[in-house]
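Hydrogens, waters and symmetry mates play no part in the numbers below; they use all other heavy atoms, side chains included. We name chains A, B, ... by the order of the sequence lines, and we start the count at 1 in each one.
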Protein chains: 2
Amino acid sequence: MIYHNEKALFIKIAERLCDDILSGCYTEGDLVPSVRELAAEYEVNINTALRAFELLQRDAILLSQRGIGMSVAKGARRRILSARRKEFLQHELPEFMRRMELLGLTLDDIAREWRAQDGMETAS
Amino acid sequence: MIYHNEKALFIKIAERLCDDILSGCYTEGDLVPSVRELAAEYEVNINTALRAFELLQRDAILLSQRGIGMSVAKGARRRILSARRKEFLQHELPEFMRRMELLGLTLDDIAREWRAQDGMETAS
DNA sequence: ATTAGTGTTATAGTGACTTAAGACACCGCA
DNA sequence: TGCGGTGTCTTAAGTCACTATAACACTAAT
């Protein structure tokens, strides 16, 4: 049943960068790691890292400055947050609930289970 | 931000069949639709439907009977449920919580939001 | 100017997935 | 026996994500 479900690598990298912007790791105007650094960090080809950047350029999350680097665009965080909220509420949440109900679970079960698991992890 | 995220077709079909077994659409011993019927239903090549079946054969969800069809194996439902529960708790739930927290949401927010949306849908 | 760091483009090759069309093996039934 | 329904296998082609190299264009610092 572990039919691995991987998205494309360059998409995962782009989402990871968005995560980092959301969580404040990079703020607007900051330079993100260079294509080559990113490729090394994720153990991936330069072209793959570049494609992640192209994606984020198209969505006006990153600005390309030749010879300098890629910087976080103005309003990037707000735009990511907005898009993520929409995606989350319209797709992820319904799919999550569907799978939950197929397993005969409720949100209360989940909350209980999560508190238990979370306690385990932080206790280690 | 809509970096389409598709899994392989044959995997989606296999998971869909598992959903149908979980929800009681097919019970143990039942014949599932033939390769060609399934291919037609999902508007997909026969080989793609066949690969979905191969996946489910390997996990002992379906039994192949040449000249007859594919039937749901004994214990298939229990096995699916068990694997799904494990996958859900170990991977989907943590990822869901991570994304939720990145958006500054809590499980209570989700529960509230879901009840509202659910009410909208069932009212239509 | 030189150098080292950026982003960018191009070409070629690999592997996974999908489609397409056809052929074969098996079962049940008339 | 023949027919039509099953599952299965083969071959060929095409797309896409990824890798591997290499080269080019620009900027900043020395």
Side-chain angles (χ1 to χ4, degrees), chain A residues 1-18 20-21 26-74 76, chain B residues 1-18 20-21 26-74 76:
Chain A
M1 212 75 47
I2 309 116
Y3 310 139
H4 48 48
N5 162 16
E6 304 292 320
K7 314 177 193 180
L9 263 179
F10 71 99
I11 293 176
K12 288 198 292 185
I13 294 175
E15 288 184 342
R16 184 67 169 268
L17 284 171
C18 285
D20 289 343
I21 294 176
Y26 308 120
T27 62
E28 314 198 348
D30 281 3
L31 285 181
V32 300
S34 77
V35 197
R36 291 169 181 83
E37 279 177 342
L38 211 70
E41 181 180 343
Y42 288 96
E43 292 178 335
V44 125
N45 191 270
I46 294 181
N47 289 325
T48 305
L50 184 60
R51 240 178 266 178
F53 278 171
E54 284 172 356
L55 218 52
L56 297 176
Q57 270 185 82
R58 225 179 339 187
D59 291 344
I61 304 296
L62 293 184
L63 288 180
S64 157
Q65 295 165 278
R66 203 172 186 135
I68 300 187
M70 310 281 298
S71 59
V72 180
K74 248 181 81 176
Chain B
M1 214 77 46
I2 309 118
Y3 311 137
H4 50 45
N5 163 14
E6 303 293 321
K7 313 177 196 181
L9 264 180
F10 73 100
I11 292 176
K12 289 197 293 185
I13 293 176
E15 289 183 342
R16 184 67 169 268
L17 284 171
C18 285
D20 289 343
I21 294 176
Y26 308 122
T27 63
E28 314 198 347
D30 279 3
L31 286 180
V32 300
S34 77
V35 197
R36 291 170 179 83
E37 278 177 344
L38 211 70
E41 181 181 344
Y42 288 96
E43 293 178 335
V44 124
N45 191 271
I46 293 181
N47 290 326
T48 305
L50 184 59
R51 237 176 270 180
F53 278 172
E54 284 171 357
L55 216 52
L56 297 176
Q57 268 185 83
R58 224 177 342 185
D59 290 345
I61 304 296
L62 293 184
L63 287 181
S64 156
Q65 295 165 279
R66 205 170 184 137
I68 300 189
M70 310 281 298
S71 59
V72 179
K74 249 182 81 176

Would you check, one step at a time, whether the test side chain to side chain contact (heavy atoms under 4.5 Å, CB included) holds for A:T27 with A:V72?
CA-CA 7 Å; A:T27 62; A:V72 180; over 6 Å; no
What nucleotide among C:dC17, C:dT8, D:dA17 has an atom nearest to a side-chain atom of A:L50?
C:dT8
What is the nucleic acid contact for A:I46, judged by heavy atoms within less than 4.0 Å: base, sugar-phosphate only, or nothing?
nothing
Can you check the A:Q57 CD to C:dT6 C1' distance for me, whole Å?
13 Å
Return no unless some side-chain N or O of A:Q65 is found under 4.0 Å from OP1 or OP2 of D:dA28.
no
Regarding the side chain of B:R66, the nearest nucleotide among D:dT8, C:dG7, C:dG28 is D:dT8
For a quick check, tell me whether the side chain of B:R36 and the base of D:dG5 share a donor-acceptor pair closer than 3.5 Å.
no
Gap between atoms CD and P, on B:E37 and D:dG4 respectively (whole Å)
17 Å
Specify the separation, in whole Å, of atom CG of A:L56 and atom P of C:dG7.
13 Å
Can you tell me if B:T48 touches the phosphate of C:dC17, counting only side-chain N or O atoms and a distance under 4.0 Å to OP1 or OP2?
no
Is A:N47 side chain donor-acceptor paired with the C:dA10 base, going by distance under 3.5 Å alone?
yes
In whole angstrom, what separates A:L55's CG from D:dA17's P?
11 Å
Phosphate-side-chain proximity, A:S64 and C:dG7, N/O vs OP1/OP2 below 4.0 Å:
no
Just compare D:dT21, D:dG7, C:dA20 and give me whichever is closest to any side-chain atom of A:N45.
D:dT21
